[in-house]
Amino acid sequence: MSFSNDMDDEYEKLFRRLNPPRVVIDNEACKNATVIRVRVLVSFSGGRVLFSLDHRSCCFLGTKYFIVLQVDSANKHGILLEVVQVLTDLNLIITKAYISSDGGWFMDVFNVTDPDGNKVTDEAILDYITKSLGPESCFTSSMRSVGVKQSMDHTAIELTGSDRPGLLSEVSAVLTHLKCNVVNAEVWTHNMRAAAVMQVTDEETGSAIIDPEKLSRIKELLCNVLKGSNKSRGAKTVVSHGVTHTERRLHQMMFADRDYERANNDELDEKQRPNVSVVNWCEKDYSVVTITSKDRPKLLFDTVCTLTDMEYVVFHANIDAEGPEAHQEYYIKHIDGSPVKSEAERQRIIQCLEAAIERRVSEVSELWYLQI
């Protein structure tokens, strides 16, 4: 298996040298839009090279304000999330998107603006997009192995547990007592559950905490705080010397904590929830996921992240978020190639997508800086 993976990696490197990704950014072609074209030529296992798509293929969106991405079938799962993550990390607003894959190729088309609704002109941002999606990038293979990068600058602490008033103050008090400085922290709460990713340093050394006894003490005390009086749901504390994408990790943590499971006495007004439906398109063997919700920044990232973590592949999608409401339509299959198989699976997708959209709205990360 190791030999096979090494051969695949070497073949991919050779092919990328012969056919490097091309990125073209043009602020003159459209009056009020930045034109970004990304083309990645890749090979299939059978050695075929895919050539297709030009700007005329994308003009149905109404502008030439787009990103075009083509990837191979081996890397398809997770690639959409990788590209959306690049754009959302730059705080770009995705107002329209069209995703289509067929026969192993993948095309993404995005309409994006800066946070003020203007086309993107910042040279640093344009250069970053070029490097992240162009020849110097490694995004077409980075999803093969998902892990954390080692860092000796700080210690990463991941927390999940029951949410309640005063929780942040209690966590802060424990860290202060243990002489830990919080460098950065982000907290999400949803459905009476809380998740946090914090970066802390040792007060004495200013670097990562390496004392095993101290790390064990941190885990023990924080876990006790997070349990609170809720004995029916557990708490979890993980300590590592790694760096990961915080928002992606928070989604994964809350998903693993099953924050999407609503209590029987949950009386949240249905009008406040996103409208999510899942139906099977039997003729094409797809499941069609339709989402209507209030638009907000990073909405597309949240839904794509959840579908990816639930191991669904997006084959086609249409996104329209030009007004106060966002409309998303996904044509998906599980990574095993099957559509949704049961009513229980359908309900789980609905609940998980609702939770993914709702949990960011209740994030309270800024409170950490006020209380620590």
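This chain uses plain numbering: 1 for the first residue, then up along the sequence. Values reported hereafter were calculated over all heavy atoms of this structure, with side chains retained and with hydrogens, waters and symmetry mates removed.
If you run side chain to side chain contact (heavy atoms under 4.5 Å, CB included) between Met198 and each of Leu175, Asn184, Thr155, only Leu175 comes through.
Side-chain atoms of Met253 and Trp188, non-hydrogen and from C-beta on, never get closer than 4.5 Å to each other. For the pair Leu92 and Phe110, the minimum side-chain heavy-atom distance is 4.5 Å or more. At least one side-chain heavy atom of Thr201 sits under 4.5 Å from a side-chain heavy atom of His154. No side-chain heavy atom of Glu247 sits less than 4.5 Å from a side-chain heavy atom of Thr88. Inter-residue side-chain proximity for Ile93 and Pro297 is flagged as met; some heavy-atom pair is nearer than 4.5 Å. Counting heavy atoms from C-beta on, the side chains of Arg360 and Phe301 come closer than 4.5 Å.
Scored by the side-chain contact (heavy atoms from CB on, under 4.5 Å) test, Thr292 finds Asn275, Glu325, His327 as partners (sequence neighbours excluded). Not a single ring-ring contact (aromatic ring centres under 6.0 Å, His included) links Tyr330 to another residue, sequence neighbours left out. Partners of Asp336 by salt bridge (Lys or Arg N to Asp or Glu O under 4.0 Å), not counting sequence neighbours, listed by chain and number: Lys341. For Ser277, the side-chain contact (heavy atoms from CB on, under 4.5 Å) criterion is met by Thr290, not counting sequence neighbours. Lys214 pairs by the side chain to side chain donor-acceptor pair (under 3.5 Å) definition with Asp202, not counting sequence neighbours. Not counting sequence neighbours, the partners of Arg296 by the salt bridge (Lys or Arg N to Asp or Glu O under 4.0 Å) test are Asp302. In terms of the side chain to side chain donor-acceptor pair (under 3.5 Å) criterion, residue partners of Thr205 (sequence neighbours excluded) are, by chain and number, Ser207. For Val340, the side-chain contact (heavy atoms from CB on, under 4.5 Å) partners are Val278, Asn280, Ser287, Glu345, Arg346, Ile349, not counting sequence neighbours. Take Val225 and apply the side-chain contact (heavy atoms from CB on, under 4.5 Å) test, not counting sequence neighbours, and it matches Arg164, Leu167, Glu170, Val171, Val174. Judged as a salt bridge (Lys or Arg N to Asp or Glu O under 4.0 Å), and not counting sequence neighbours, Asp163 has no contacts. Applying the salt bridge (Lys or Arg N to Asp or Glu O under 4.0 Å) rule to Glu220 yields the partners Arg217; only residues at least two apart in sequence or on another chain are considered. Asp320 is linked by a side chain to side chain donor-acceptor pair (under 3.5 Å) to nothing, counting only residues two or more places apart in sequence or in another chain.
To the nearest 0.5 Å, the span separating CD on Glu186 from CG on Leu250 amounts to 5.5 Å. Interatomic distance, Thr303 OG1 to Ile357 CD1, rounded to the nearest 0.5 Å: 6.5 Å. Distance CD1/Ile350 to CD/Glu354: 7.0 Å, rounded to 0.5 Å. Rounding to the nearest 0.5 Å places CD of Glu261 at 9.0 Å from CG of Asp259. Expressed to the nearest 0.5 Å, how far NZ of Lys96 lies from CD of Glu322 amounts to 4.5 Å. Residue Glu203 holds its CD atom at 8.5 Å from OG1 of Thr176, rounded to the nearest 0.5 Å.
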Using the rule given for side-chain hydrogen bond (donor to acceptor under 3.5 Å, both in side chains), can you reason through Thr189 versus Arg359, listing the C-alpha separation, both sets of side-chain angles and the distance that settles it, and then say yes or no?
CA-CA 6 Å; Thr189 64; Arg359 64 173 68 116; over 6 Å; no
Carefully, step by step, assess Leu226 and Thr160 under the rule side chain to side chain contact (heavy atoms under 4.5 Å, CB included).
CA-CA 7 Å; Leu226 288 163; Thr160 53; over 6 Å; no
Checking side chain to side chain contact (heavy atoms under 4.5 Å, CB included) for the pair Leu353/Leu307: CA distance, chi angles, key distance, verdict?
CA-CA 8 Å; Leu353 287 171; Leu307 289 172; 4.2 Å; yes
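In the hydrophobic clustering of ILVMFWY residues, with side-chain heavy atoms under 4.5 Å counting as a link, Val238 and Ile210 come out apart.
Aromatic ring orientation, His316 versus Tyr331: perpendicular (interplanar angle above 60°, classes split at 30° and 60°). The aromatic rings of His334 and Tyr312 sit perpendicular to each other, their planes meeting at more than 60°, with 30° as the lower class boundary.
Other residues, nucleotides and ligands contribute only 12 or fewer heavy atoms inside 6.0 Å of the CD atom of Glu213. With a 6.0 Å radius and a threshold of 12 heavy atoms from other residues, nucleotides or ligands, Ile335 has its CD1 atom above the threshold.
Under a 3.5 Å cut-off, the side chain of Asp122 and the backbone N or O of Ala124 do form a donor-acceptor pair. Under a 3.5 Å cut-off, the side chain of Thr308 and the backbone N or O of Val304 do form a donor-acceptor pair.
Annotation for Val120 and Asp114: closest pair CG2-N, 4.3 Å, computed over non-hydrogen atoms.
Side chain to side chain, Gln351 and Arg348 fail the donor-acceptor criterion of an N or O pair below 3.5 Å.
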